[in-house]
Amino acid sequence: MEVQGKTIRELIENLLKEINENVKGYNPKEEFSTKFNIKCKNMEECIQKFGEKILNYFNRKNVIFDKVEIEVTGGRKWILSFSLKGKTFEKLEAKIKEIKIERLEESLEGWKLTFSMK
């Protein structure tokens, strides 16, 4: 699968939308928000960890996020600061068990991410 974005922020927003298309929630309960940071050597690794974190929220908290704010800080290591909002559900049906980032490419038009979901 592929997602594209002009910026890393837009790319991650599009990735979250693609992930959410494979999850269905039953009986919404309440609003949920969280903040976390991911620190890695490269952007591919950061996005991989973001996907794993989202799946963890699906499995442990039954949360589907619909809004994401991202702050990107570069240096020797990349730091992505996330602020996410969504809803908890009584039950989630997810067709995804794993997300694997295969390739991240930058071009003049923006970013392209190739990934797989199992």
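Residue numbers count from 1 along this sequence.
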Any salt bridge between K112 and E2, counting N to O under 4.0 Å? yes

Is a salt bridge present between E105 and R103, judged by a nitrogen-to-oxygen distance below 4.0 Å?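 Salt bridge present between E105 and R103.
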
Is there a side-chain contact (heavy atoms from CB on, under 4.5 Å) between F36 and L84? Walk through the geometry before answering. CA-CA 9 Å; F36 58 84; L84 296 126; 3.2 Å; yes

Sequence-distant partners of R76, side-chain contact (heavy atoms from CB on, under 4.5 Å), two or more places apart: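 Partners of R76 by the side-chain contact (heavy atoms from CB on, under 4.5 Å) criterion come out as none, since no residue qualifies.
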
Listed by chain and number, what are the side-chain contact (heavy atoms from CB on, under 4.5 Å) partners of E71, not counting sequence neighbours?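 For E71, the residues satisfying side-chain contact (heavy atoms from CB on, under 4.5 Å) (neighbours in sequence not counted) are T73, S81.
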
State whether the number of non-hydrogen atoms from other residues, nucleotides or ligands found under 6.0 Å of E69 atom CD is greater than 12.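 Atom CD in E69 is not packed in, count stays at 12 or less.
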
Gap between atom [atom2] of [Y] and atom [atom1] of [X] - 0.5 Å precision:
| X | Y | atom1 | atom2 | value |
| --- | --- | --- | --- | --- |
| E106 | L113 | CD | CG | 13.0 Å |
| I64 | F89 | CD1 | CZ | 4.5 Å |
| F65 | N20 | CZ | CG | 9.5 Å |
| I99 | L55 | CD1 | CG | 4.0 Å |
| I70 | L80 | CD1 | CG | 7.5 Å |
| F58 | N22 | CZ | CG | 8.5 Å |

Side chain to side chain donor-acceptor pair (under 3.5 Å) partner of Q48, chosen from E44, E45, E52: E52

Using side-chain heavy atoms (C-beta onward) and a distance below 4.5 Å, is [X] in contact with [Y]?
| X | Y | answer |
| --- | --- | --- |
| K87 | K29 | no |
| M117 | I19 | yes |
| F115 | M1 | yes |
| L92 | Y26 | no |
| S116 | E102 | yes |
| K97 | K118 | no |
| E109 | K6 | no |
| K85 | E31 | no |

Could you please spell out the steps behind the side-chain contact (heavy atoms from CB on, under 4.5 Å) verdict for V63 and I54? CA-CA 9 Å; V63 176; I54 294 300; over 6 Å; no

Can you see which heavy atom on [X] is nearest to which on [Y], and at what distance?
| X | Y | result |
| --- | --- | --- |
| I96 | V23 | CD1-CG2, 4.4 Å |
| I79 | K39 | CG1-CG, 3.8 Å |
| C40 | K49 | SG-CD, 3.6 Å |
| Q4 | N14 | O-ND2, 2.5 Å |

Checking K61 against F32: charged group under 6.0 Å from the ring centre and within 45 degrees of the axis? no

For the side chain of T88 and the backbone of E30, is there at least one donor-acceptor N/O pair under 3.5 Å apart?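 Confirmed, T88 side chain pairs with E30 backbone.
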
Would you please test N27 and K91 for side-chain contact (heavy atoms from CB on, under 4.5 Å) and show each step? CA-CA 7 Å; N27 300 326; K91 181 183 172 189; over 6 Å; no

In one Ile/Leu/Val/Met/Phe/Trp/Tyr side-chain cluster, 4.5 Å: L16, V72: yes

Before you tell me yes or no, could you show the steps for F82 and K35 under side-chain contact (heavy atoms from CB on, under 4.5 Å), namely the whole-Å CA-CA distance, both residues' side-chain angles and the distance that decides it to 0.1 Å? CA-CA 5 Å; F82 293 93; K35 293 180 179 186; over 6 Å; no

